[in-house]
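Report on the following structure.
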Amino acid sequence: MSLVKWIDFPSLADSRGSLVAVEMGQDKAVPFGIKRVYYIYHTEQGVSRGYHAHKQLKQVAICLAGKCRMVLDDGTDREEAWLDRPTKGLVIGDMVWREMHDFSKDCVLLVLASEHYDESDYIRDYETFQKMARKTV
Ligand code: TYD
């Protein structure tokens with residue numbers, strides 16, 4: 001099964017421009033209750049972010065402007081996806097290692113999260129993550 005799972009948000013476009021509504025629990029919607037929203041922007045050129053997984057947290061990432069490349073890794077397989085349009089939400093499950101690379105200067109990455117911020121939910125060491133993901137610890 002692919003690690004890359006998209007939600008395609010319908011764009012309500014008319015002569016004035018476009019609008020996307022993000023909802024929970026509907027078809028084409030975020031598959032969890034949203035407790036937190038944050039966004040990443042003004043990322044310096046050449047900088048990569050992420051390099052962690054979460055034990056419980058589920059997220060949906062939507063690139064509102066510009067683009068970036070997301071790498072997802074479940075401890076066995078590694079896949080990548082370009083986030084480059086505001087109508088595509090990338091669903092990132094728990095126990096998925098993520099890295100974000102190649103941010104364009106204008107990139108604004110919105111992240112919807114299932115839980116409040118909790119540093120103890122982070123796994124920031126790749127080898128530890130891989131062992132946990134493969135259930136060897
Ligand atoms: P971090 O999760 O390391 O960012 P990234 O995954 O983009 O590399 O977070 C960067 C800093 O911001 C870190 O000190 C934790 C803090 N932070 C919060 O206080 N609240 C939040 O919701 C998030 C996501 C991060």
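Counting convention: from 1, in listed order, for ligands and their atoms alike. Sequence positions, counted from 1, serve as the residue numbers for this chain. We use all heavy atoms of the structure for the numbers below, so side chains are in, but hydrogens, waters and symmetry mates are not. What you see is a predicted model, and the numbers here were worked out from it, not measured in a lab.
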Need the ligand 1 atom indices (1-based, order shown) with element for anything under 4.0 Å from a heavy-atom of Arg36.
21 (C), 22 (O), 23 (C), 24 (C)
Within the structure, is a non-hydrogen atom of His52 found at a distance of less than 4.0 Å from ligand 1?
yes
With heavy atoms under 4.0 Å as the rule, classify the contact between Glu119 and ligand 1 as side chain, backbone, both or neither.
neither
May I ask whether atom 14 (O) of ligand 1 is less than 4.0 Å from at least one protein heavy atom?
no
Establish, yes or no, whether the cationic atom of Arg49 lies under 6.0 Å from the six-membered ring centre of Tyr38 and within 45° of the ring axis.
no
Under 4.0 Å and counting heavy atoms only, is there anything from the protein next to atom 25 (C) of ligand 1?
yes
Distance, nearest 0.5 Å, that separates CE of Met70 from CD of Glu99:
10.5 Å
Please classify the Ile40 to ligand 1 contact at 4.0 Å (heavy-atom distances, strictly less than): side chain, backbone, both or neither.
side chain
Would you please test Leu109 and Cys63 for side chain to side chain contact (heavy atoms under 4.5 Å, CB included) and show each step?
CA-CA 4 Å; Leu109 184 65; Cys63 192; 4.2 Å; yes
Taking NZ, NE, NH1 and NH2 as the nitrogens, is one of them in Asp84 or Lys67 under 4.0 Å from a carboxylate oxygen of the other?
no
Which residue and non-hydrogen atom of the protein lie closest to atom 8 (O) of ligand 1, and at what distance in Å?
Gly50 N, 2.9 Å
Taking a cutoff of less than 4.0 Å between a non-hydrogen atom of the residue and any ligand atom, is Arg124 in contact with ligand 1?
yes
Modelled atom types, side-chain donor and acceptor of Glu79 and Ser2, under 3.5 Å:
yes
Do me a favour and list the nearest non-hydrogen protein atom to atom 4 (O) of ligand 1 with residue, atom name and distance?
Arg49 NH2, 3.3 Å
Quick one: does any side-chain atom of Arg134 pair with a main-chain N or O of Gly75 as donor and acceptor, under 3.5 Å?
yes
Just verifying a value: how many Å separate Asp8 CG and Thr87 OG1, rounded to the nearest 0.5 Å?
6.5 Å
Going by heavy-atom distance to atom 18 (C) of ligand 1, choose the closest among Tyr122, Tyr38, Tyr117, Tyr39.
Tyr117
